Protein chains: 4
Amino acid sequence: MIRKEKILFAALKLFANEGYDATSTSKIAKAAQVSEGLIFRHFTNKKGLLEAILTESEKRVQQIFQPIINETDPKQVLRLTIEAPYQSKKKDFDFWRLVFKLKWDTNYNNPNKMNFVLEKLTESFQKLGYKNATNEAIMLIQVVEAISISIVRAEGLDVESFKQFLFEKYQV
Amino acid sequence: MIRKEKILFAALKLFANEGYDATSTSKIAKAAQVSEGLIFRHFTNKKGLLEAILTESEKRVQQIFQPIINETDPKQVLRLTIEAPYQSKKKDFDFWRLVFKLKWDTNYNNPNKMNFVLEKLTESFQKLGYKNATNEAIMLIQVVEAISISIVRAEGLDVESFKQFLFEKYQV
Amino acid sequence: MIRKEKILFAALKLFANEGYDATSTSKIAKAAQVSEGLIFRHFTNKKGLLEAILTESEKRVQQIFQPIINETDPKQVLRLTIEAPYQSKKKDFDFWRLVFKLKWDTNYNNPNKMNFVLEKLTESFQKLGYKNATNEAIMLIQVVEAISISIVRAEGLDVESFKQFLFEKYQV
Amino acid sequence: MIRKEKILFAALKLFANEGYDATSTSKIAKAAQVSEGLIFRHFTNKKGLLEAILTESEKRVQQIFQPIINETDPKQVLRLTIEAPYQSKKKDFDFWRLVFKLKWDTNYNNPNKMNFVLEKLTESFQKLGYKNATNEAIMLIQVVEAISISIVRAEGLDVESFKQFLFEKYQV
DNA sequence: TATGAATGAGTATTCATTCAT
DNA sequence: GATGAATGAATACTCATTCAT
């Protein structure tokens, strides 16, 4: 693996597990087995390193939700939304944990990131004849995000049973 | 206001807004207009200051959920649970934002804090004849927590309309 | 025991065992079970506390060596000098350890403290016909001081046998 | 001179003259004309700096006493022992003063450091027919150490005359 | 006499960052 | 591209000391 990537991976892991502020550049350098100076040559400063990691987040979110956006069958939209959190692989958990954690860091939180999914869901609930489509959409997103968090934090929730439960509830 | 309290309030505000790690004791001292040393006289160390703040969290959580625990009518249990987040006052938002934020700080997260509410909710859903009471309870808690977060972060969600939506949905 | 004395004893013990610089006034206050402020009311500052302890040292040295100064029989002078270190009681070891330790603290070292004993010894060696009385006196003082240190530091030297050895060597 | 060495020399001088506890890392940095941070880059912490200095002490002690250990003529062993303290150069006085001072710092005192010399001396006194060889050896070491201290502290003792006195006394 | 709250200067150590090589 | 020496500002925390009560 090229040195720049080694830094990126080490930083991701540390940021996700210990937090951005609690992770020193020296710790990152040690974990990546490179000199501390190299971090700054590649990413200008610590913030730049974080941003490099997060740029990818946009891509991954897009990638996961693209099939949902393209879907026309409303039932299928709900089903895909519910299934979304179950698709992320174990090796990506660090990444997602970091993304969720950063929601609480005002400097890095982009609250409208999921709006395009919200709109698609609202539209789908409308098509399915739900009375209050907007709030239904909000509620589903909240639940899906909560499961995502449960999954990447390995909190002990029986996620499989919960998925089936949601499928039945929304009849999808 | 006595100096010890001034420290407590200043720290709460800063921890909630900037994060525990990102808040230096010198910043706290300046905000509280006391000498930095006094923080350590009163709270031993930075962690001790945080813990002093969090000790109260247990009390407040208990206080908010006590009426729910005591309630026997299952419909009323759901209603009170949904209403809970709407009861916190603006001046407490800092406090709650800190509590939620710390869920992401492994050192301070107590994941079972809400179990007693979960049990009460499960029981209530059972009484009301819901098929999958456990998952229903989990889902409601997830949603209620999500609204709480929306409220204390002032995220622009129309919380009042959402409350009515939940009342109707659960017919309470 | 009166509070002032409690401070004196606690400070002596701590200074002797951990060193003057390494002993904080707060540690002393805790050990003496008094408020930290009281130390300063009684002794003005930390240095004053040390000086109060050391004032006594002059007295004790005087007390120990007075019989030697008064002695006229030169053999007896040597004998008493050799015996001197063996007279200090266990409860005084802290005190003497502190005195010896402070020889290495330039601020508190008084190198001429023992000159009056040196003169008496020189005179005695002269009377006994030793060729180089001054150096004999110096040597004996060095040895006696070394045993004193061994005793108060409990270094494992067989001090009793060494005393007999000196008695024989100097034929006293 | 390389920066690491500048730190080492400045620290040695300050530790020797003011004591380990009384010497702050900031004082050392100023004396060495380097940034305070560099001390920790090179020596991890203050204790590490002291230990780096002391590691050399072992070497120097070994170096000074090696000829004595190798010597077979018992008279020559005594002579070399007596001469040992006179060999250290003025520029090393700081170093030796620190070594002696640390004997009083429980954390750094190694009381058996000189045992190998003690054994050699005992053996020599035995060969020379002294009755109580062990105590003779102890006594000579005590005296030699006392002169060493006198020398490095420049206490005004006429060390040259004292050396001659010892040569005569032990007939070497 | 005695306390305990309070302080400001100081402590060892860590940090993100720079720079010559 | 990559290192490692170096820095200065910041960090959590301790210290001797003051002072109102």
Side-chain angles (χ1 to χ4, degrees), chain A residues 2-4 6-7 20-30 32-50, chain B residues 2-4 6-7 20-30 32-50, chain C residues 2-4 6-7 20-30 32-50, chain D residues 2-4 6-7 20-30 32-50:
Chain A
I2 195 175
R3 264 150 155 120
K4 191 172 175 181
K6 278 170 91 177
I7 295 172
Y20 173 76
D21 285 312
T23 301
S24 69
T25 50
S26 109
K27 227 189 263 178
I28 297 169
K30 257 168 223 148
Q33 303 191 78
V34 300
S35 72
E36 211 175 337
L38 194 58
I39 294 174
F40 295 88
R41 168 153 281 276
H42 279 308
F43 304 99
T44 314
N45 52 31
K46 197 184 166 186
K47 207 171 167 176
L49 175 52
L50 177 58
Chain B
I2 196 176
R3 255 131 153 149
K4 191 173 175 179
K6 280 168 88 177
I7 295 172
Y20 173 76
D21 285 314
T23 301
S24 70
T25 51
S26 105
K27 226 188 269 178
I28 296 169
K30 259 168 219 151
Q33 302 192 79
V34 300
S35 71
E36 206 176 339
L38 194 58
I39 294 173
F40 297 91
R41 283 255 143 194
H42 281 308
F43 304 99
T44 314
N45 51 33
K46 197 183 164 187
K47 206 172 169 175
L49 175 52
L50 177 58
Chain C
I2 194 174
R3 263 150 155 119
K4 191 171 174 179
K6 278 169 91 178
I7 295 171
Y20 173 76
D21 285 313
T23 300
S24 68
T25 51
S26 109
K27 225 187 265 178
I28 297 168
K30 255 168 225 152
Q33 303 191 75
V34 301
S35 71
E36 211 176 336
L38 195 58
I39 294 172
F40 295 88
R41 168 154 279 277
H42 280 307
F43 305 99
T44 312
N45 52 31
K46 196 183 166 187
K47 207 170 169 176
L49 174 53
L50 177 59
Chain D
I2 197 174
R3 254 124 153 158
K4 191 172 175 180
K6 280 168 88 178
I7 294 171
Y20 174 75
D21 285 314
T23 301
S24 69
T25 51
S26 104
K27 224 187 269 179
I28 296 169
K30 258 167 222 151
Q33 302 192 80
V34 301
S35 70
E36 208 176 340
L38 194 58
I39 294 173
F40 298 89
R41 284 255 143 193
H42 281 307
F43 304 99
T44 313
N45 50 34
K46 197 183 165 186
K47 206 172 169 176
L49 174 53
L50 177 58

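Lettering of chains follows the sequences in order, A, B, ..., and the numbering in each one begins at 1. Worth saying up front: this structure is predicted, and the values here are computed from it rather than measured.
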A.B. asks: Figure out the NZ/P separation between K30(D) and dT7(F), and round it to whole Å.
C.D. replies: 14 Å
A.B. asks: Can you name the closest pair of heavy atoms from A29(C) and S35(C) and give their distance?
C.D. replies: CB-C, 4.0 Å
A.B. asks: L38(D) has a side chain; which of dA2(F), dA6(F), dT13(E) sits nearest to it?
C.D. replies: dA6(F)
A.B. asks: Return the minimal non-hydrogen interatomic distance between D21(C) and K46(C), and the atom names on each side.
C.D. replies: O-NZ, 3.8 Å
A.B. asks: When you get a sec, tell me which of dT14(E), dT3(F), dA6(F) is the closest nucleotide to the side chain of F40(D)?
C.D. replies: dT14(E)
A.B. asks: When you check the side-chain N and O atoms of E36(D) and T25(D), is any donor under 3.5 Å from an acceptor?
C.D. replies: yes
A.B. asks: Between T23(B) and T23(C), who's closer to the 5' end of DNA chain F by nearest nucleotide?
C.D. replies: T23(B)
A.B. asks: If you compare all heavy atoms of I7(A) against all heavy atoms of F43(A), which two are closest, and at what distance to 0.1 Å?
C.D. replies: CG2-CE1, 3.7 Å
A.B. asks: Report yes if a side-chain nitrogen or oxygen of H42(C) is closer than 4.0 Å to either non-bridging phosphate oxygen (OP1 or OP2) of dT1(E); otherwise report no.
C.D. replies: yes
A.B. asks: How close or far is atom P of dT13(E) from atom CG of L50(D), stated in whole angstroms?
C.D. replies: 12 Å
A.B. asks: Please round to the nearest 0.5 Å and tell me the distance separating atom NZ of K30(B) and atom NZ of K27(B).
C.D. replies: 9.5 Å
A.B. asks: Using heavy-atom distances to pick each residue's nearest nucleotide on DNA chain E, tell me which of K46(A) and A22(D) is more 5'.
C.D. replies: A22(D)
A.B. asks: Assuming nearest nucleotide by heavy-atom distance, tell me which of R3(C) and S26(A) is located more 5' along DNA chain E.
C.D. replies: R3(C)
A.B. asks: Send over the distance from E36(B) CD to dA9(E) C1', rounded to a whole Å.
C.D. replies: 11 Å
A.B. asks: Return the nearest nucleotide to the side chain of R41(B); candidates are dG8(E), dA6(F), dA16(F).
C.D. replies: dA16(F)
A.B. asks: Based on the rotation axes of five pairs at each end, what angle does the helix from dA2(E)-dT21(F) to dT21(E)-dA2(F) bend through, to 10°?
C.D. replies: 10°
A.B. asks: Could you tell me how far apart D21(B) (CG) and dA10(F) (P) are, to the nearest whole angstrom?
C.D. replies: 18 Å
A.B. asks: Using whole Å, report how far NZ of K27(B) lies from C1' of dC13(F).
C.D. replies: 18 Å
A.B. asks: Working to the nearest 0.5 Å, report the span between CG of L49(C) and NZ of K4(C).
C.D. replies: 10.5 Å
A.B. asks: Measure from CG on N45(B) to P on dA12(E) and round the result to the nearest Å.
C.D. replies: 20 Å
A.B. asks: In Å, rounded to the nearest 0.5 Å, how long is the span from CG of N45(B) to CD1 of I39(B)?
C.D. replies: 11.0 Å
A.B. asks: Over how many whole Å does the gap from I28(C) atom CD1 to dA16(F) atom P extend?
C.D. replies: 7 Å
A.B. asks: Starting at CD1 of I39(A) and ending at P of dC15(E), how long is that distance when rounded to a whole Å?
C.D. replies: 12 Å
A.B. asks: Categorize S24(D) for me: base, sugar-phosphate, or nothing, with a 4.0 angstrom heavy-atom threshold over every strand shown.
C.D. replies: sugar-phosphate
A.B. asks: Has T25(A) got a side-chain N or O lying under 4.0 Å from the OP1 or OP2 atom of dA16(E)?
C.D. replies: yes
